[in-house]
Structure formats: C-alpha cells, structure tokens
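None of the values given here were measured: they were computed from a predicted structure.
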Amino acid sequence: MKKFLLIVCFCIPLLTGCWDQVEMQDLAIITATAIDRLEDGKTRISVQLFIPRAITSGQTGEEVGSTSTFVREGYGENLAQAISILQTNVPRRLFWGQCKIFVFGEELAKNGIRKEIDFLARHSGPRGNSYLFISEGEAKEILELIPPLERYSAEALRKLSEEELGTSTTLRDVDIDFMGESESVSMPYIKMLVSKENARKIYETVPVIHGTAIFKGEKMIGTLNMKEARGLLWLKDEVKRSTISIKPEGEEGEITMTPTLGKIKFSPEIKGNQWSMNLSLAIEGNIVQNETYLNLMNEDVLNNLNKEFATSLEERVAQTIEKLQQEYKTDVIQFGRRFHQKYPKQWKKVSGRWDEKFPEVKVQIDVDANIRRPGYIGPPAALPRDEVKE
C-alpha cells in the first residue's frame with residue numbers, strides 16, 4: 001500500500017496537463033512586423049494580423065477579393081514598450097510563431113537598430129530564421145499593400161527571399177555579423193512598386209527589392225543599386241538565379257547567359273605592409289538569348305564569348321568592391337574574418353582600426369567563365385543562313 005501511494009505521489013506532478021494552454025481562437029497570428037522611428041523619437045511597431053475567417057472566403061458569402069489581414073500598431077519610448085501598448089489594442093494574445101518577416105523603416109535604420117535587434121534576439125517569440133528588410137520610407141506602408149497574386153504582403157516578401165532575387169538576411173545573420181570582425185551587415189532594400197492605376201488602388205501592388213542596404217555598425221550608411229547588389233551576391237556566394245548580358249564587339253545586339261553554377265574562393269595574403277585579397281570566380285551557364293548574328297555553335301565564337309562574360313562579371317564585382325572600400329569603407333563581404341583566420345597575429349595589430357585598413361586592401365579578381373550550352377539552336381533564330389556570322 002505504501003509503495004502504491006509513493007508511485008501515485010510521484011506521478012501526480014506529471015499529470016498536471018497543459019495548464020497554460022491557449023486555444024487557437026484566442027491567438028492573434030502575426031504574419032509580418034514593421035518597426036519605424038517617428039519624428040518625436042518614439043518607436044512605432046505595426047503588425048500584420050491574419051484573419052482566420054478569410055480562409056473560407058468565397059464559401060460563406062464573403063467577397064473573394066477581400067483582404068485576409070489587417071494592421072494594428074503600438075507606440076512607445078522603445079520597442080518593448082510599444083509592443084506592450086500594441087497588445088492592449090488587440091483582443092487576442094499576440095502569437096509570433098508564424099512571423100517570418102521584419103521590416104525596418106529607413107529613418108530607424110539610419111539612426112541605429114541595435115536596440116531593436118537586441119529585443120528581437122532576446123525575446124522568445126521571434127524566430128532566428130526570420131527575414132529582415134529595410135524599406136524606403138516608412139515600413140508600415142509595406143504591411144498595408146495588397147498584392148494581386150498573394151494573400152498578403154508578408155507572403156510576397158517571403159517568396160522574394162526564397163527566390164534569392166537579392167541578399168537574404170535573417171535575424172540570426174544580423175546578430176552574428178554585428179559581433180563579427182567587421183561589425184557590419186547588409187539587408188535587402190525594398191520599396192513599393194508604383195501603381196499605374198488611380199489613387200484609390202495605390203496599395204494594390206507589391207513590395208519589390210530595390211537594392212541592398214549597407215550597415216556600418218548598427219547604422220545604415222547607404223545603399224547599393226541592383227547591379228551592385230548582384231555583385232555583392234557573387235561575393236557572398238549566394239547567386240542562384242540571375243542573368244549576365246554582354247554586347248560582343250562589333251555587334252549591335254546582346255547575348256544573355258543565365259548561370260547554372262557559380263563558385264568563389266577567397267585567398268588573403270600579406271606581404272610586408274601590403275594586404276591583398278585574391279578572388280577566384282568560376283561560372284558556368286547557358287545562353288538563353290542571342291540578339292546578334294553570331295553562330296554560337298562556332299568554337300571560336302564561344303571562346304571569345306567566354307572571355308567577354310568573364311570580363312563582364314569581373315567588372316561587376318570590382319564595381320561593388322570599390323564602392324564598399326572607397327565610399328562606404330564597410331566590410332560587409334567579410335574580408336576581415338578571412339584575414340583573421342589565416343593571419344591571427346597580424347590581424348590583432350589592425351583589428352581596432354579595420355575601417356582604415358579595409359580600403360587599403362588590394363583586390364585581385366580572376367574569373368573563369370564557361371558556356372555549357374548555347375541553347376537548342378546554334379545560329380540566330382529567324383535569320384537567313386547567308387546573314388549568320390561564323
């Protein structure tokens with residue numbers, strides 16, 4: 001009997017059940033979050049909340065085109081206080097588990113995002129693999145957009161990140177990079193695609209990637225345009241879907257290649273006081289359009305095109321590096337980490353003034369391009385045979 005009572009006493013704490021369980025109908029599911037800095041210095045947080053009944057839209061008499069989300073906001077002296085006020089404006093408990101999109105307003109980004117990143121990284125709700133963006137203007141406007149092809153703007157942004165059309169930056173990436181040797185980071189810079197419709201439909205559009213925001217420490221110091229952002233993708237070894245176009249000498253049209261394989265190798269080197277970074281890029285791809293009169297089945301033509309594609313990619317990467325070194329003096333391409341790994345003693349001498357040393361690093365770029373397939377046809381399409389250049 002005593003043994004039985006002992007077992008019962010031991011098991012009781014394990015049978016308490018889900019005492020803190022919250023039913024689904026009591027949760028407000030956040031799909032995206034926007035954080036802005038207002039003119040008075042206060043922080044505004046806006047959240048895009050999912051409307052559960054929108055799932056059955058079209059089956060219960062609701063308008064099929066009606067939105068499936070709405071936006072609520074809160075204000076405070078800091079992000080924690082703003083979220084506390086936000087909760088008072090929502091009758092359900094805020095649920096962060098499905099929020100994979102965080103958008104920072106440009107004004108906030110220029111003034112520094114360290115405090116906001118600290119809260120998001122420390123809070124148990126936001127996920128480390130959530131995507132971060134910087135918006136042109138106020139971030140709240142991005143949440144209010146109504147994309148024609150997606151249910152809500154957060155879904156459009158998530159797909160943009162997964163399609164790798166620009167740099168993909170997560171909360172975990174930012175937290176790690178701010179603590180790294182360079183103390184800098186890059187994030188996708190987005191804007192609202194301007195609608196050509198009347199003002200009433202101005203928000204019936206999509207957010208698009210407009211370049212890359214560059215951070216030096218916690219503050220945004222500038223942006224890269226789309227061409228420079230593509231160069232940054234190569235330097236980060238993140239290129240998956242892109243195109244490279246060249247205009248062969250003596251030709252009026254262009255030839256466009258889409259990469260199928262791209263690799264980059266960094267080789268830091270120190271000789272005396274000269275610090276150098278040797279970059280080796282290898283690219284393979286297929287021709288997807290030929291606007292010239294050249295026959296791409298000709299071996300000599302292909303060899304010349306390989307050289308021109310290599311030169312084009314080298315110029316694109318060099319342009320990005322030059323802007324990062326000379327204009328922004330910010331090492332978002334992690335040269336510092338690579339020097340630290342290979343030359344720890346020399347790195348220790350310059351780590352405190354890497355912003356000064358980084359622009360002095362000599363960069364040597366070597367590109368090897370290889371066209372794997374010229375397409376299903378060799379000569380230009382719809383062109384008389386006697387006009388094709390061999």
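A donor-acceptor pair under 3.5 Å is absent between the side-chain atoms of T69 and the main chain of Q48, judged by distance alone. Without hydrogens or angle criteria, E269 side chain to N278 main chain gives no donor-acceptor distance under 3.5 Å. Side-chain N or O atoms of S280 include none that pairs as donor or acceptor with a backbone N or O of K265 at under 3.5 Å. Proximity of a side-chain donor or acceptor of D36 to a complementary backbone N or O of K140 within less than 3.5 Å is detected. Without hydrogens or angle criteria, R127 side chain to G97 main chain gives a donor-acceptor distance under 3.5 Å. Judged by distance alone, the side chain of E138 and the main-chain N or O of E106 form no donor-acceptor pair under 3.5 Å. Remark: side-chain polar atoms of D118 are not paired, donor with acceptor, to backbone N or O of K115 under 3.5 angstrom. T320 places a side-chain N or O within 3.5 Å of a backbone atom of R316 that can act as its donor or acceptor partner. A donor-acceptor pair is defined here as one N or O able to donate and one able to accept, closer than 3.5 Å; no such pair exists between the side chain of K100 and the backbone of R158. Between the side chain of Y328 and the backbone N or O of T223, at least one donor-acceptor pair lies under 3.5 Å.
A heavy-atom distance below 4.5 Å is found between the side chains of F119 and I83. Looking at heavy atoms from C-beta onward, V332 lies in side-chain contact with I214 at the 4.5 angstrom threshold. Side-chain contact between F104 and M220 is absent, with no heavy atoms from C-beta onward closer than 4.5 Å. Put simply, the side chain of W234 does not reach to within 4.5 Å of the side chain of I264, judged on heavy atoms. By the 4.5 Å heavy-atom criterion applied to side chains, L296 and V301 are counted as neighbours. Proximity of R92 to D26: side-chain heavy atoms (C-beta onward) are nowhere separated by under 4.5 Å. Under the 4.5 Å side-chain criterion, counting only non-hydrogen atoms from C-beta, F266 is not in contact with Q334. At a threshold of 4.5 Å between non-hydrogen side-chain atoms, the residues I244 and I283 count as touching.
S184 and F215 get closest at one heavy-atom pair: CB-O, 3.1 Å. Here the closest non-hydrogen pair linking L94 and Q87 is N-OE1, 3.1 Å. The nearest pair of heavy atoms linking K263 to D237 is CA-OD1, 4.0 Å. The two atoms that bring S186 and T169 nearest to each other are O-OG1, 2.8 Å, heavy atoms only. Scanning both residues, I85 and Y75, for their nearest heavy atoms gives CG1-O, 3.4 Å. Of all heavy-atom pairs between G253 and P248, the closest is O-CD, 3.8 Å.
Other residues sharing the hydrophobic cluster of L143, ordered by chain and number and joined by side-chain separations under 4.5 Å: V71.
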- request: Evaluate side-chain contact (heavy atoms from CB on, under 4.5 Å) for L279 paired with L235, printing each intermediate quantity in order.
  value: CA-CA 9 Å; L279 304 180; L235 290 165; 3.7 Å; yes

task: Evaluate the side-chain contact (heavy atoms from CB on, under 4.5 Å) criterion for residues W354 and F339: first the C-alpha distance (whole Å), next the side-chain angles of each, then the deciding distance (0.1 Å), finally the verdict.
output: CA-CA 11 Å; W354 180 238; F339 277 110; 3.9 Å; yes

- request: Assess whether side-chain contact (heavy atoms from CB on, under 4.5 Å) is satisfied between I117 and L171, documenting all intermediate values.
  value: CA-CA 8 Å; I117 292 296; L171 176 59; 4.1 Å; yes

query: Run the side-chain contact (heavy atoms from CB on, under 4.5 Å) check on T311 and E315 step by step: do they pass?
result: CA-CA 6 Å; T311 300; E315 291 175 351; 3.7 Å; yes

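The structure places NZ of K323 at 3.5 Å from CD of E228, a figure rounded to the nearest 0.5 Å. Atom-to-atom distance recorded for L232:CG and I333:CD1 is 7.5 Å, nearest 0.5 angstrom. Atom-to-atom distance recorded for M277:CE and Q364:CD is 13.0 Å, nearest 0.5 angstrom. In this structure, CD1 in I221 is found 8.5 Å from CD in E327, a value given to the nearest 0.5 Å. Rounding to the nearest 0.5 Å gives a distance of 4.0 Å between CD1 of I321 and CD1 of I365. Note: L281 CG to E314 CD = 9.0 Å, rounded to the nearest 0.5 Å.
Counting only N and O atoms by type, the side chains of T258 and T243 include no donor and acceptor under 3.5 Å apart.
Dense packing is recorded around CG of D40, with more than 12 heavy atoms of other residues, nucleotides or ligands lying under 6.0 Å away. The local environment of CD in Q326 is crowded, with over 12 non-hydrogen atoms from other residues, nucleotides or ligands closer than 6.0 Å. Annotation for Q341: atom CD counts as buried by contact number, over 12 foreign heavy atoms lying within 6.0 Å. The environment of CD in Q274 is crowded: more than 12 heavy-atom neighbours from other residues, nucleotides or ligands sit within 6.0 Å.
Pairs of residues two or more places apart, or lying in two chains, that qualify as salt bridge (charged side-chain N to carboxylate O under 4.0 Å, His left out) and include a residue from residues 348-363 are K216-D355, K357-E360.
The aromatic rings of F335 and F358 lie perpendicular to each other, with more than 60° between the two planes, well past the 30° mark. Relative orientation of the F50 and Y152 rings is perpendicular, given thresholds of 30° and 60° on the angle between their planes.
The cluster map of Ile, Leu, Val, Met, Phe, Trp and Tyr, joined by side-chain heavy atoms under 4.5 Å apart, puts L261 and L305 in different clusters. No single ILVMFWY cluster, assembled from side-chain heavy atoms under 4.5 Å apart, contains both L38 and L108. When hydrophobic clusters are built by joining Ile, Leu, Val, Met, Phe, Trp and Tyr residues whose side-chain heavy atoms come closer than 4.5 Å, directly or via intermediates, V288 is not grouped with L313.
Remark: E136 pairs with no residue by the salt bridge (Lys or Arg N to Asp or Glu O under 4.0 Å) rule, at least two apart or across chains.
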